[in-house]
Amino acid sequence: MVTKIVEKAINEQIRKEEHSSRIYLSMASWSQVNGFQGAAEWLYAQADEERMHELKLIHYLNDRGGNAHLADLEKPATKFKSLLDVFQQVLKHEEYISVSINKVYAVSIKQNDYSTGNFLQWYITEQTEEESTVRAILDQIRLAGEEKGGLFHMDKELAAQAARKRASQLAAATPNAGN
């Protein structure tokens with residue numbers, strides 16, 4: 001059973017994960033409308049992944065005797081200056097989520113809830129991977145600069161990454177995949 005303090009921290013993280021999904025949906029829509037279909041696909045896949053993170057937290061909390069609930073969300077931004085701006089904001093947001101996950105982990109350890117601490121290790125590893133991926137994307141976008149050919153190539157790479165992400169999400173959601 002989780003303490004009320006851990007329950008509150010996890011519910012706050014659930015809100016942040018749900019908001020993350022909405023942020024990425026907004027960015028995906030902007031990208032799609034502005035001709036960056038590959039970036040849009042990557043961001044739509046990212047939005048789905050954030051929702052999966054949210055659901056994982058909800059199930060965990062409820063399974064441990066807590067009560068997961070949803071909260072009001074603020075409206076995400078809908079306008080961006082460029083593809084570079086979008087991914088700079090993605091990195092900033094992922095760093096924010098990393099700090100938040102670490103705080104939930106700290107709360108769980110302070111409450112001697114080592115099961116929750118162990119559960120959160122997956123999120124900590126995931127955030128490290130997410131930040132690294134977005135930094136690499138930003139490096140490539142910066143290399144492309146404002147050159148349309150470079151941005152076109154980068155958009156194609158993002159579409160390929162999105163396809164791999166979708167395949168991974170499908171495999172994770174399919175019981176006995178590959179057996």
So, taking the atom named [atom1] in [X] and the one named [atom2] in [Y], what distance separates them when rounded to the nearest 0.5 Å?
X: Ile14; Y: His53; atom1: CD1; atom2: NE2; result: 13.5 Å
X: Gln127; Y: Ser100; atom1: CD; atom2: OG; result: 9.0 Å
X: Met52; Y: Glu126; atom1: CE; atom2: CD; result: 6.5 Å
X: Glu12; Y: Lys16; atom1: CD; atom2: NZ; result: 4.5 Å
X: Lys103; Y: Ser98; atom1: NZ; atom2: OG; result: 12.0 Å
X: Ile58; Y: Asp63; atom1: CD1; atom2: CG; result: 11.5 Å

Got [X] and [Y] here, is their nearest side-chain heavy-atom distance under 4.5 Å?
X: Arg64; Y: Asp113; value: yes
X: Phe152; Y: Lys148; value: no
X: Gln32; Y: Gln37; value: yes
X: Leu70; Y: Glu54; value: yes
X: Tyr123; Y: Thr125; value: no
X: Val104; Y: Val107; value: no

Looking at every heavy atom in both [X] and [Y], which two are closest together, and how far apart are they?
X: Glu94; Y: Gln46; result: OE2-NE2, 3.5 Å
X: Ala39; Y: Asp155; result: N-OD1, 2.8 Å
X: Thr116; Y: Ser108; result: CG2-CB, 3.7 Å
X: Ile97; Y: Ser20; result: CD1-OG, 3.6 Å
X: Ser31; Y: Ala40; result: CB-N, 3.8 Å

Is any NZ, NE, NH1 or NH2 atom of the basic residue among Glu7 and Lys4 found under 4.0 Å from an Asp or Glu carboxylate oxygen of the other?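 Counted as a salt bridge, because a side-chain N and a carboxylate O are separated by less than 4.0 Å.
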N-O pairing of Glu95 and Lys92 below 4.0 Å: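 Not counted as a salt bridge, because no side-chain N and carboxylate O are separated by less than 4.0 Å.
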Report yes or no: do [X] and [Y] belong to one cluster of Ile/Leu/Val/Met/Phe/Trp/Tyr joined by side chain heavy-atom distances under 4.5 Å?
X: Tyr114; Y: Leu61; answer: yes
X: Leu73; Y: Leu57; answer: no
X: Trp122; Y: Ile109; answer: yes
X: Tyr105; Y: Tyr96; answer: yes

Which salt bridge (Lys or Arg N to Asp or Glu O under 4.0 Å) pairs, counting each pair once, include a residue from residues 35-49, with sequence neighbours left out?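 Listed once each, the pairs are Asp48-Arg166, Glu49-Lys165.
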Could you please spell out the steps behind the side-chain contact (heavy atoms from CB on, under 4.5 Å) verdict for Arg135 and Gln140? CA-CA 9 Å; Arg135 282 188 183 94; Gln140 292 175 348; over 6 Å; no
Sequence neighbours excluded, every pair satisfying ring pair (Phe, Tyr, Trp, His ring centres under 6.0 Å) that has a member inside residues 56-77: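 Only Tyr60-Phe119 qualify under ring pair (Phe, Tyr, Trp, His ring centres under 6.0 Å).
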More than 12 foreign heavy atoms under 6.0 Å from CG of Leu143: is that the case here?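 Yes.
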Which hydrophobic side chains are connected to Trp30, either touching it within the sub-4.5 Å cutoff or through other members that do?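 Ile23, Tyr24, Met27, Phe36, Trp42, Leu43, Phe80, Leu83, Leu84, Val86, Phe87, Val90, Leu91, Val134, Ile137, Leu138, Ile141, Leu151, Met154, Leu158, which link up through side-chain heavy atoms under 4.5 Å apart, make up the rest of the cluster.
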With no hydrogens and no angle check, do the side chains of Gln13 and Glu17 hold a donor and an acceptor under 3.5 Å apart?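 Side-chain D/A pair, Gln13 to Glu17: present.
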Using a distance-only test with no angle check, is there a side-chain donor-acceptor pair under 3.5 angstrom linking Glu50 and Ser21?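 On atom types as modelled, these side chains do not qualify, holding no pair under 3.5 Å.
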Step-by-step side-chain contact (heavy atoms from CB on, under 4.5 Å) determination, Asn102 to Val99: CA-CA 5 Å; Asn102 287 334; Val99 168; 5.6 Å; no
